[in-house]
Amino acid sequence: MTERGRTDLAAPGETGGPGVTGHGVPRARAAAEEDRRGSRQYGDEQRQDERPTRAVPRHVACVMDGNGRWAQRRSLPRTAGHRAAETTVIDIIEAARAAGVEWLSLYAFSTENWNRPGSEVDYLMRLVRRVVRKHAPLLLARGIRCRFLGAADPRIPRGLAQDFDDLSALTADNRGMTLTVAFDHGGRRDIVEAARSLIRSETPADEVTERLFADHLPFPDTPDVDLVIRTSGEQRISNFMLWQVAYAEWVFPEVLWPDFRAPDFLTCLHAYQHRDRRFGGVPARTIGDPS
């Protein structure tokens with residue numbers, strides 16, 4: 001995060017969550033040690049009894065869609081849908097980790113979401129800050145490395161930007177699943193910035209390859225996305241990780257994000273496992289078959 005001249009926006013009633021005091025995230029390590037000693041990790045039994053017999057996707061990305069419609073169907077304000085989404089986020093993180101997914105990316109806030117009403121945007125900023133602080137000990141205890149893709153707009157409150165930085169630093173040495181939260185993210189912007197980086201490096205045009213171009217994207221160690229899950233039945237890319245999803249399989253469950261749970265996530269993984277991924281080729285059994 002490079003922007004520091006921002007107005008701090010504290011979450012109402014925020015105390016930092018269990019075992020987190022002061023600024024919040026920097027105090028998470030002690031709480032995480034207690035979590036390791038005293039709690040059972042969700043899904044450990046599933047690792048032994050329910051691990052899929054075929055390979056799970058290495059990198060799963062989720063477009064978390066449907067919060068507003070979830071609230072509308074209950075005659076609630078849109079903010080109620082965002083608040084309900086917190087439970088789903090933690091459930092899916094745990095389910096992905098237990099299933100053996102190595103990389104999980106969540107689309108939390110797009111560059112276009114700044115066009116929403118100011119009151120909703122302000123609420124989302126406070127909510128995300130509370131969620132980050134509250135669940136930092138859990139993420140650390142689970143060995144999850146956390147990163148934030150985007151998060152460069154000066155409108156992001158200074159306190160939230162600092163929490164993003166702190167959680168990234170806190171979990172940087174974790175070697176379990178990598179969780180990437182796309183916040184203030186736009187796939188087109190990432191591609192433009194990569195092109196600018198190449199131009200600044202004075203790389204000759206004839207030397208630019210796909211691999212070299214990808215090295216100038218944010219977090220170039222991120223593998224291509226294997227599976228994208230977009231909840232609520234909508235079937236759009238919405239400017240999400242455009243380079244990384246080039247060969248992804250897509251699943252569009254009808255369930256709205258606040259109602260999406262681990263069994264739904266596993267159903268999507270199973271659907272992926274039964275896809276025939278040819279990457280432009282043909283199945284071996286059809287080679288030489290004129291039909």
Side-chain angles (χ1 to χ4, degrees), residues 56-70 78 81-82 85 88-89 92-93 95-96 101-116 120-121 124 128 147-153 156 178-197 210-211 213-260 264-265 267-281:
V56 299
R58 184 185 183 197
H59 186 178
V60 178
C62 296
V63 181
M64 305 183 291
D65 198 8
N67 294 351
R69 276 165 286 169
W70 183 93
R78 289 176 56 85
H82 299 314
T88 301
V89 168
I92 297 314
I93 290 172
V101 173
E102 297 178 28
W103 298 72
L104 177 67
S105 297
L106 302 178
Y107 202 6
F109 192 86
S110 73
T111 51
E112 293 78 17
N113 286 154
W114 291 109
N115 296 323
R116 294 186 177 188
E120 182 177 351
V121 171
L124 282 167
V128 171
R147 306 199 292 194
F148 294 88
L149 177 63
D153 196 291
I156 297 174
T178 295
L179 171 65
T180 301
V181 178
F183 193 92
D184 181 39
H185 163 70
R188 284 183 172 180
R189 183 177 66 184
D190 285 353
I191 291 172
V192 168
E193 288 300 323
R196 288 173 175 169
S197 177
E210 290 187 9
R211 180 65 266 171
F213 188 91
D215 286 342
H216 287 259
L217 290 167
F219 304 132
D221 61 327
T222 302
D224 283 350
V225 176
D226 298 303
L227 171 65
V228 181
I229 301 169
R230 180 167 188 151
T231 55
S232 84
E234 298 290 344
Q235 300 184 18
R236 296 187 300 276
I237 298 176
S238 295
N239 200 20
F240 180 43
M241 300 183 78
L242 295 180
W243 183 274
Q244 295 87 344
V245 304
Y247 289 101
E249 299 292 325
W250 289 73
V251 178
F252 303 102
E254 294 290 336
V255 62
L256 303 177
W257 180 258
D259 291 328
F260 194 69
D264 303 301
F265 182 79
T267 297
C268 294
L269 297 192
H270 294 158
Y272 166 86
Q273 291 173 306
H274 289 89
R275 298 280 180 90
D276 185 8
R277 306 191 76 201
R278 298 188 295 275
F279 299 99

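Counting begins at 1 with the first residue of the sequence.
- Checked for salt-bridge contact, D153 and R189 miss the test: no charged N lies under 4.0 Å from a carboxylate O.
- Between F148 and V181, the closest side-chain pair of non-hydrogen atoms falls below 4.5 Å.
- How far CG of N239 is from NE2 of H185: 6.0 Å, rounded to the nearest 0.5 Å.
- Put simply, the residue from V228, L149, T180 that forms a side chain to side chain contact (heavy atoms under 4.5 Å, CB included) with S105 is T180.
- A donor and an acceptor atom, one from each side chain of E234 and S232, are nowhere located under 3.5 Å apart.
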Please determine whether side chain to side chain contact (heavy atoms under 4.5 Å, CB included) holds for the pair L104 and C62, giving the CA-CA distance in whole Å, both sets of side-chain angles, and the decisive distance to 0.1 Å. CA-CA 8 Å; L104 177 67; C62 296; 4.3 Å; yes

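- Within the 4.5 Å cutoff, no side-chain heavy atoms of V128 are placed close to those of F109.
- Contacts of F252 classified as side chain to side chain contact (heavy atoms under 4.5 Å, CB included), with partners at least two apart in sequence or in another chain: R230, Q235, W250.
- Put simply, the residue from D65, V89, V63, I229 that forms a side chain to side chain contact (heavy atoms under 4.5 Å, CB included) with W257 is V89.
- Taking every heavy atom of both residues into account, H59 and T222 meet most closely at CE1-CG2, 3.5 Å.
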Please walk me through it: do V121 and N113 pass side chain to side chain contact (heavy atoms under 4.5 Å, CB included)? CA-CA 8 Å; V121 171; N113 286 154; 6.0 Å; no

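- Under the 30°/60° scheme for interplanar angles, the aromatic rings of F265 and F260 are found to stand perpendicular.
- The side chain to side chain contact (heavy atoms under 4.5 Å, CB included) search around V192 returns R196, not counting sequence neighbours.
- Atom CG of D226 is separated from atom CD of E102 by 9.5 Å, given to the nearest 0.5 angstrom.
- Looking only at side-chain heavy atoms (C-beta outward), D221 and F219 come within less than 4.5 Å of each other.
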